Engineer: 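Right, I'll just put the structure down here and ask away after.
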Amino acid sequence: MTLTTDPTPEAVVQAQLDAYNARDVEAILKTYAVDAQQFEFPGKLLASGHAEIRPRMAVRFAEPNLHARLLRREVIGHIVIDHEDVTRTFPEGTGRVEMIAIYEIRNGLIQSASVALGVPVLD
């Protein structure tokens with residue numbers, strides 16, 4: 001998905017999901033503010049800014065089976081909440097994990113992303 005000059009919060013998050021599934025680091029960074037932060041819910045800081053987000057995404061995108069399937073999306077103003085089923089390669093093997101992601105969108109970019117993960121289920 002290509003972002004317009006004034007994307008809706010939903011369009012920003014969809015572009016992020018599309019870039020994630022394409023495993024495109026540069027495309028995903030285009031959806032994040034330069035000083036964006038990523039958290040593990042409820043508040044554990046995982047990465048701050050593009051310099052820390054880029055290597056986190058590069059490692060994740062090296063997983064050959066990586067794919068996030070959107071189960072449900074809710075949009076409330078500048079907040080977007082996604083419920084996803086993510087296929088991954090875990091240290092123990094391949095499998096899936098449910099994830100809730102809460103995105104705060106400001107000025108057409110993700111300012112913060114907070115994720116809560118379920119229990120991985122191995123194939």
Side-chain angles (χ1 to χ4, degrees):
M1 171 176 278
T2 302
L3 294 179
T4 63
T5 56
D6 188 23
T8 65
E10 184 173 11
V12 173
V13 172
Q14 184 60 49
Q16 183 271 159
L17 180 60
D18 293 344
Y20 185 92
N21 283 333
R23 299 185 200 109
D24 186 334
V25 174
E26 295 310 313
I28 208 164
L29 287 174
K30 288 179 183 176
T31 67
Y32 279 85
V34 174
D35 60 347
Q37 294 183 311
Q38 293 179 325
F39 297 91
E40 179 182 319
F41 185 82
K44 178 183 174 187
L45 182 64
L46 300 174
S48 185
H50 281 195
E52 292 181 10
I53 295 171
R54 179 179 278 111
R56 285 191 79 243
M57 293 294 97
V59 168
R60 179 66 41 85
F61 292 169
E63 296 178 20
N65 64 338
L66 183 69
H67 184 80
R69 182 172 60 94
L70 183 65
L71 301 175
R72 182 178 173 144
R73 176 173 287 155
E74 297 293 333
V75 181
I76 303 171
H78 67 282
I79 304 295
V80 180
I81 303 168
D82 277 0
H83 179 196
E84 301 172 359
D85 183 59
V86 183
T87 302
R88 293 204 42 209
T89 302
F90 301 101
E92 304 83 10
T94 60
R96 296 179 7 264
V97 64
E98 280 190 84
M99 181 183 83
I100 297 291
I102 305 166
Y103 300 97
E104 179 186 7
I105 312 303
R106 296 282 184 199
N107 300 315
L109 295 169
I110 298 168
Q111 189 62 52
S112 70
S114 186
V115 298
L117 298 173
V119 177
V121 177
L122 298 179
D123 292 337

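One-based numbering along the sequence shown. Note that the structure is a prediction, hence the values are computed from the model and not measured.
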Engineer: For residues His78 and Arg106, determine if any side-chain heavy atom of one lies less than 4.5 Å from a side-chain heavy atom of the other.
Structural biologist: yes
Engineer: If you count every heavy atom of other residues, nucleotides or ligands that lies below 6.0 Å from Asn107 atom CG, does the total exceed 12?
Structural biologist: no
Engineer: If I take atom CG from residue Leu109 and atom OH from residue Tyr32, how far apart are they, to the nearest 0.5 angstrom?
Structural biologist: 11.0 Å
Engineer: Treat each ILVMFWY residue as a node, draw an edge where side-chain heavy atoms are under 4.5 Å apart, and state whether Leu117 and Val86 are in one component.
Structural biologist: yes
Engineer: Determine whether more than 12 heavy atoms belonging to other residues, nucleotides or ligands lie under 6.0 Å from atom CD1 of Ile76.
Structural biologist: no
Engineer: Less than 4.5 Å apart, any side-chain heavy atom of Val80 and any of Asp82?
Structural biologist: yes
Engineer: Indicate whether any N or O donor in one side chain lies under 3.5 Å from an N or O acceptor in the other, for Tyr103 and Gln16.
Structural biologist: yes
Engineer: State the CE-NE2 distance between Met99 and His83, to the nearest 0.5 angstrom.
Structural biologist: 9.5 Å
Engineer: What heavy-atom pair brings Ala19 and Phe61 nearest, and what distance separates the two atoms?
Structural biologist: O-CZ, 4.2 Å
Engineer: On a heavy-atom basis, which atom in Gly95 and which in Phe90 lie closest, and how many Å separate them?
Structural biologist: C-CE1, 3.7 Å
Engineer: Please give me the minimum heavy-atom distance between Ile53 and Ala36, naming the atom from each residue.
Structural biologist: CD1-O, 3.9 Å
Engineer: Looking at Asp35, is its backbone amide N or carbonyl O close enough to the side chain of His50 to form a donor-acceptor pair, meaning the two atoms are under 3.5 Å apart?
Structural biologist: no
Engineer: Is the shortest heavy-atom distance from the side chain of Met57 to the side chain of Gln38 under 4.5 Å?
Structural biologist: yes
Engineer: Looking at Thr89, is its backbone amide N or carbonyl O close enough to the side chain of Glu63 to form a donor-acceptor pair, meaning the two atoms are under 3.5 Å apart?
Structural biologist: yes
Engineer: Indicate yes or no for a side-chain donor-acceptor contact from Arg72 to the backbone of Glu84 under 3.5 Å, with no hydrogens or angles considered.
Structural biologist: no
Engineer: Using 0.5 Å steps for rounding, measure from the CD atom of Glu74 to the CD1 atom of Ile81.
Structural biologist: 7.0 Å
Engineer: On a heavy-atom basis, which atom in Leu17 and which in Ala68 lie closest, and how many Å separate them?
Structural biologist: CD1-CB, 3.7 Å
Engineer: Counting distance only, does the side-chain N/O of Asp85 pair as donor-acceptor with the main-chain N or O of Arg69 below 3.5 Å?
Structural biologist: no
Engineer: Taking the side chain as every heavy atom from C-beta outward, state whether Ile105 and Val13 have any atom pair closer than 4.5 Å.
Structural biologist: yes
Engineer: Apply the test side-chain contact (heavy atoms from CB on, under 4.5 Å) to residues Ile102 and Ile79: give CA-CA distance (whole Å), side-chain angles for both, the deciding distance (0.1 Å), then the verdict.
Structural biologist: CA-CA 7 Å; Ile102 305 166; Ile79 304 295; 3.9 Å; yes
Engineer: Could you check whether any side-chain heavy atom of Val97 comes within less than 4.5 Å of a side-chain heavy atom of Val119, counting everything from C-beta outward?
Structural biologist: no
Engineer: Please check if any side-chain donor atom of Asn65 sits under 3.5 Å from a side-chain acceptor atom of Thr87, or the reverse.
Structural biologist: no
Engineer: Once you round to the nearest 0.5 Å, how far does OH of Tyr20 lie from CG of Leu66?
Structural biologist: 4.0 Å
Engineer: Please report the shortest heavy-atom distance between Gly108 and Val12, naming the atom on each side.
Structural biologist: O-CG2, 3.4 Å
Engineer: Return the minimal non-hydrogen interatomic distance between Ala101 and Val115, and the atom names on each side.
Structural biologist: CB-CG1, 4.0 Å
Engineer: Less than 4.5 Å apart, side chain to side chain, heavy atoms only: is that true for Leu45 and Gln37?
Structural biologist: yes
Engineer: Tell me whether Glu52 contacts the main-chain N or O of Ser48 through its side chain, where contact means a donor paired with an acceptor under 3.5 Å.
Structural biologist: yes
